[in-house]
Amino acid sequence: MVKYLFVLSVIFASFLISCNSNNLKDDAVFNAVDVDSIPLIPFPQSLEKGEGVFKMDAAVNFFYPEELSNEACKLMISLIDTCTNSSEPIIKEQGTKTCNLILSDDFKSTSDSPEAYELEITSTKVTLTAKTKLGIRRGIRTLLQFRSETIGVSEDDFAYYLPAVKITDYPTFEHRGLLLDVCRHYFEMEVILKYLDAMEYYKMNVLHLHLTEDQGWRMPIEKYPLLNEISAWRLDTNGNKYGGFYTKDELKYIVEYATARDITVIPEIELPGHSQAALAAYPQFSCNGGPIEVVNDWGVFIEIYCAGNDSTFIFLEDVLTEVMEIFPSEYIHIGGDEAPKFRWEHCSKCQKRMHDEGLADEHELQSYFIQRIERFLNKNGRKLIGWDEILEGGLSPTAAVQSWRGMEGGKQAAETKHEVVMSPTSHCYLDYGLASIDLEKICSFDPIPTDLDAEYHHFIIGGECNMWTEHVPDEANLDSKVFPRMIGLAEVLWSYPKNRDFDDFYRRLKRHYPVLEEMGIDYGLETIGASIGQEFSDSVVLITLEKNLADLEVKYRWKSESNKAWLGYIEPFKLEVTDALEVQAYKNEEAYGEPIVQSFVFHQGLNKEVSYTNEWNEWYTGNAEKNLVDGKLGSIDFRDGNWQGFWGKNIDVTIDLGELKPIMSVGANFYQYANSWIFFPKEISVQISEDRELWNQLSKMVNEENDLSNKKHIKYMYSNTHYGRKDIPKARYIRFQATNVGKVPDGHEAAGQEAWLFIDEIMIE
Ligand code: ACM
Ligand code: ZN
């Protein structure tokens with residue numbers, strides 16, 4: 001028999017005070033409650049609507065078993081907060097309204113998740129049932145989302161109105177996380193606490209705290225005090241010391257605060273790469289002994305821990321020992337991504353290790369490194385998780401993988417029976433702009449690879465959104481990047497594969513904005529207001545504009561006519577000029593975000609047929625086979641969807657103009673950004689032909705430029721046909737080739753890695 005405690009009104013009389021003493025007004029509010037639009041996020045697995053509304057107020061009697069005292073108190077304290085408008089104690093009518101919390105071993109759910117719960121609301125009774133306290137707490141969080149703002153009551157008084165529903169709920173994925181990089185930029189503990197509050201509200205349960213990086217080390221390690229004195233600080237571009245660290249007490253408080261919200265904090269201590277800040281303080285653990293500085297730049301850096309040096313492992317074990325003292329998580333994240341092998345290739349100690357251990361190459365040395373660390377973690381009762389690079393050179397049986405370079409690593413890990421957290425750059429990177437990852441894109445995320453056999457699905461334990469902070473200098477910026485997109489992922493990971501209707505999600509989300517404001521969250525936009533698309537017919541290229549949210553309006557104008565009024569978009573229009581198109585979205589008559597500016601070029605090759613000898617890379621498809629002839633130019637953001645990328649391959653395409661045309665010049669735009677391993681071609685070559693058999697070589701052009709700095713460049717490389725000729729040649733076919741530089745050149749941190757070649761638009765004049 002479950003023993004219920006009746007909470008006497010006398011105990012709570014001093015707290016439970018009337019929310020609203022005017023019953024007539026109450027009735028009006030009740031009638032205004034929009035029971036058709038249930039605002040819950042994440043949306044429950046199953047929800048049936050009933051009749052009527054239950055108002056949570058001081059007249060409610062609570063019943064709960066003793067072991068749920070904490071949960072019940074939390075619920076009641078939240079309700080007491082609702083009663084700020086009146087100081088009148090309420091006289092209860094015994095038994096009219098009840099709220100029951102029931103912990104039951106007999107609770108049956110379609111899921112065996114400990115987070116499962118059932119919630120039944122009628123106009124007189126609320127019943128929350130679960131097998132575990134955690135399930136009860138999840139149900140309470142659902143109850144607390146029925147606030148007046150979210151339920152659509154715009155009354156001044158704040159209250160909880162519960163529409164009659166029957167909810168059966170549980171999460172699809174057990175791991176629902178946010179990665180926060182506090183290294184590239186440092187954020188105060190209070191920011192982390194604010195995020196934990198928001199995560200709790202949306203039933204997220206993992207904070208992945210990225211604590212060490214090339215640019216800063218954020219945790220004190222008693223045995224190695226220089227990690228705070230030196231590694232926590234970089235000199236910024238103005239010569240100022242930038243950085244900081246959390247004290248151990250602060251870190252303990254963060255863990256406590258998270259635990260109270262059912263959130264696990266998984267610390268990430270990066271190794272063997274992304275470790276330059278630590279090596280600046282302790283260069284004896286690098287391959288060549290330094291000197292090394294804490295990095296003040298973004299990218300992948302060459303200094304990594306020496307794998308041949310046993311003292312490196314002693315250092316890391318000491319560090320991890322102190323990390324485990326603070327963080328009780330089952331998993332410890334050890335990074336493992338983006339470790340250039342250059343130093344290892346040239347280090348006698350690392351080479352000796354490879355020889356002694358019979359390791360075939362530096363990838364196997366990385367595997368040795370990771371597995372040695374894993375044995376240490378296992379010995380201490382913990383499990384290792386790392387980025388998908390830890391698959392290279394062999395993965396130990398108990399390690400878990402976080403897939404970031406697409407889904408493939410995660411798929412491979414699941415097929416070999418490793419637990420997997422999915423956070424591919426395609427959907428989960430919150431540092432990416434809204435042009436590439438907006439809210440709708442996140443909401444469309446499918447954590448299960450489509451070609452993964454069902455027997456392995458359960459190895460995908462969940463996902464994370466990754467908030468890297470290279471370009472996020474402050475809290476306001478951070479808020480605007482994390483919110484509302486994180487909430488989209490919270491919904492996916494809890495509700496998947498149900499509730500995939502974005503319009504419905506967006507309708508619910510708008511109800512939550514006042515709640516975010518109350519939490520002090522400076523949330524950003526959901527998307528860039530409009531997308532510029534194209535339609536191709538035989539004779540013309542049409543430009544289409546699409547609003548990216550149902551409640552927006554879209555206007556446009558050509559830049560050369562920016563003195564004229566904006567035009568409301570009605571239907572697709574022809575591309576017939578070389579100009580920049582400006583597009584502005586409006587929401588409720590107000591500009592929504594900045595104008596979007598897109599350059600177009602009108603030329604003879606538009607919409608012609610292009611055949612590729614080498615396929616583009618699946619990560620950078622651009623506009624597929626139309627990319628080079630769509631007239632739409634790639635911007636300085638190489639992820640803008642206009643650039644076509646080739647990895648380790650040359651570009652070799654032939655364009656068929658359909659008929660003989662005089663050719664004045666042929667050229668294309670190329671991209672260079674050394675930090676992302678993208679380089680201008682070594683050489684371009686243009687050939688023309690009337691019949692695709694006999695080819696006439698126009699000039700070849702060799703590129704001398706090879707900027708290894710972190711600047712982004714676009715370069716137009718072209719060939720004129722008429723130099724030294726009397727007549728302008730005619731051609732139907734144009735063969736355009738560009739040669740990849742091969743490997744990232746020496747002198748760059750990523751030297752020796754395969755380089756990218758990025759192209760957009762072959763302009764034929
Ligand atoms: C990563 O984004 N380098 C894991
Ligand atoms: Zn070494």
Side-chain angles (χ1 to χ4, degrees), residues 177-181 183-184 208-215 266 268-276 279 282-290 292 298-313 315-316 333-357 359 361-362 364-366 368-369 372 385-392 400-410 420-432 436-437 463-472 619 639 675-677 749-750 753:
L178 167 71
L179 174 149
L180 189 57
D181 167 14
C183 298
R184 271 50 175 268
H208 171 171
L209 201 53
H210 185 78
L211 282 169
T212 72
E213 253 308 332
D214 298 308
Q215 297 86 355
I266 297 183
E268 181 177 352
I269 306 297
E270 275 264 21
L271 54 91
H274 287 291
S275 49
Q276 197 165 320
L279 294 173
Y282 296 99
Q284 61 269 41
F285 306 131
S286 70
C287 284
N288 64 356
I292 292 170
W298 318 126
V300 173
F301 300 92
I302 202 167
E303 304 298 348
I304 69 175
Y305 293 119
C306 177
N309 192 342
D310 278 328
S311 64
T312 303
F313 291 95
F315 165 77
L316 288 170
H333 205 302
I334 54 74
D337 60 321
E338 299 180 318
K341 307 296 184 295
F342 183 82
R343 288 285 186 235
W344 288 0
E345 284 161 10
H346 298 92
C347 168
S348 58
K349 282 186 275 188
C350 286
Q351 292 302 311
K352 179 168 187 309
R353 175 84 74 198
M354 284 166 57
H355 179 264
D356 292 350
E357 299 288 334
L359 305 171
D361 58 20
E362 285 73 18
E364 289 194 8
L365 184 57
Q366 157 127 351
Y368 164 88
F369 200 115
R372 188 161 164 177
I385 183 168
W387 300 107
D388 55 65
E389 282 93 331
I390 68 171
L391 286 160
E392 293 161 14
V401 170
Q402 183 163 5
S403 196
W404 73 281
R405 298 175 302 173
M407 308 281 279
E408 192 48 40
V420 173
V421 173
M422 285 293 187
S423 58
T425 50
S426 58
H427 288 79
C428 297
Y429 270 50
L430 301 184
D431 53 327
Y432 288 19
S436 45
I437 301 184
E464 290 183 7
C465 37
N466 292 350
M467 184 64 255
W468 302 108
T469 58
E470 285 93 334
H471 307 287
V472 184
W619 292 356
R639 296 195 187 99
N675 278 18
S676 289
W677 314 352
E749 305 288 354
Q753 307 281 345

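All residue numbers in this chain count up from 1 along the given sequence. Atom set for the values below is all heavy atoms of this structure, side chains included, hydrogens, waters and symmetry mates excluded. Order of listing sets the numbers, starting from 1, for every ligand and every atom in it.
Heavy-atom proximity to Tyr429, at under 4.0 Å, picks out these atoms of ligand 1: 1 (C), 2 (O), 4 (C). Interface of Glu338 with ligand 1, defined as ligand atoms under 4.0 Å from a residue heavy atom, comprises 3 (N). The distance from ligand 1 to the heavy atoms of Trp468 drops below 4.0 Å at these ligand atoms: 1 (C), 2 (O), 4 (C).
Between the side chains of Gln215 and Trp298, not a single donor N or O lies within less than 3.5 Å of an accepting N or O. Side chains of Glu464 and Gln402: a donor on one and an acceptor on the other come within 3.5 Å. In summary, the side chains of Glu268 and Trp387 do present a donor paired with an acceptor at a separation below 3.5 Å, with no hydrogens or angles considered.
At the Zn ion (ligand 2), the angle from SG in Cys287 to SG in Cys306 is 110° when rounded to 10°.
At under 3.5 Å, not a single nitrogen or oxygen of Trp387, backbone or side chain, sits near a nitrogen or oxygen of ligand 1. Distances between N or O atoms of Trp404 and those of ligand 1 include no value under 3.5 Å.
Side-chain N or O atoms of Asn466 include none that pairs as donor or acceptor with a backbone N or O of Leu179 at under 3.5 Å.
Both the sub-6.0 Å distance and the 45° axial angle are satisfied by Arg639 relative to the ring of Tyr432.
Scanning the protein heavy atoms around atom 3 (N) of ligand 1, the nearest turns out to be Asp337 OD2, 2.6 Å.
Nearest heavy atom pair, residue Lys341 against residue Ala339, reads NZ-O, 2.7 Å.
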